[in-house]
Number of protein chains: 2
Amino acid sequence: MDGTTRWADLDTGNCSVARTAAIVGDAWTLVLLRDLFNGLRRFDDLAAHLGVARTVLSRRLAGLVDAGLVEREPYREPGRRVRHEYRLSAAGRDLLPVVLALMAWGDAHLADDDGPPVVVEHRDCGAPVHVALRCASGHDVDPRRGTVARPGPGARLRPRAVDA
Amino acid sequence: MDGTTRWADLDTGNCSVARTAAIVGDAWTLVLLRDLFNGLRRFDDLAAHLGVARTVLSRRLAGLVDAGLVEREPYREPGRRVRHEYRLSAAGRDLLPVVLALMAWGDAHLADDDGPPVVVEHRDCGAPVHVALRCASGHDVDPRRGTVARPGPGARLRPRAVDA
DNA sequence: CGGTATCCTGAAAGATACTG
DNA sequence: CAGTATCTTTCAGGATACCG
């Protein structure tokens, strides 16, 4: 903020956080994404592992397919009829930082004494992976106080604020 | 995964994603966090900016206070009576990567033609900040395919799976 | 087995009205 | 102004039943 514009006057209609939250901002959806990242693909596996009602899972998956995050693909095991599996699309895989950031926060603030139930490792070297903030100049950014938010090129004033 | 344990057999009861999602996995809560990160602190400012019913805002704030993410602090403007403002606790501020990851995904996949409404900059150098994955050995990790998830020290088998 | 349509119920969103 | 109690209504979760 530069002092001439207040956040309170900015429109929320095109906020990327709000738009993304409208799609994945739901507890069931987030754990569903977690399971899809972990390689679960079959409807019944997902339903059993999540402990969610199948109707709910059906709706969530349909929503994610509609949003382009999940692809429903037919497959056929030898001698069996066609089934479908659900796998993340490229756009869906791009949500990995969201899921890892949630996991990291839970590990840091809510974990049991015996440690985190899941660790994510670098495929190449096996070291644990964490979420970091980086700037375009290559600096590491302190998440606690290294960031400043500013209105971007798509910023709009709130309708009410225009004639305020 | 090492082939001997399947994700489907792991318990979800202590999953950090699920625990975190249970607190913040809600569209209103996520945009509320966004506004708190952007420095909004007063109840009415938040209510007006979010466009949410005040009863709902009241409940969300109370929940976040209960969860330790938000602190409700009294303050007094000169000549006025005591009011309260709501600001993120240290734990709440630790959620910045979650919000930035959501924002980044929305910017990449849902933005309007005129660009993102908000940009986040490095306080020290002004360059735009992005969310990155890094491993403990210092490597950059490709979010698309550089990660492998494994059961961690706190992993538990699902009760049903034990005698399966 | 792999889902979806339907229904029921509880919870949560929001409007209204009230209090310090 | 800064909230909260209360009420109504909508909506999401889940059980059941049903189809491919």
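Considering B:Leu32, B:Leu69, B:Asp66 as possible partners of B:Leu61, the one that fulfils the side-chain contact (heavy atoms from CB on, under 4.5 Å) test is B:Leu32.
Among all heavy-atom pairs drawn from A:Ala8 and B:His49, the shortest one is O-CD2, 3.5 Å. Shown here for B:Gly68 and B:Ala91, the closest heavy-atom pair between the two residues is O-CB, 4.0 Å.
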Worksheet item: What do the steps show when you test B:Asp94 against A:His109 for side chain to side chain donor-acceptor pair (under 3.5 Å), and what is the final call?
Response: CA-CA 9 Å; B:Asp94 284 345; A:His109 295 277; 2.9 Å; yes
Practice prompt. Take B:Arg72 and B:Tyr86 through the side chain to side chain donor-acceptor pair (under 3.5 Å) test and state the conclusion after the steps.
Written response: CA-CA 5 Å; B:Arg72 183 181 201 250; B:Tyr86 301 88; 3.2 Å; yes
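Between the side chain of A:Ser58 and the backbone N or O of A:Arg54 there is no donor-acceptor pair closer than 3.5 Å. Between the side chain of A:Arg123 and the backbone N or O of B:Thr147, at least one donor-acceptor pair lies under 3.5 Å. In terms of modelled atom types and a separation under 3.5 Å, the side chain of A:Thr20 and the main chain of B:Gly106 share a donor-acceptor contact.
Using a 4.0 Å cutoff on non-hydrogen atoms, the parts of residues 50-65 of chain B near DNA chain D are B:Arg54, B:Thr55, B:Ser58, ordered by number.
Heavy-atom contacts of chain A under 4.0 Å fall on DNA chain C between two terminal nucleotides, which in 5' to 3' order are C:dC1 to C:dT6.
In this structure, the CG atom of B:Asp45 is 14 Å from the C1' atom of D:dG3, given to the nearest Å.
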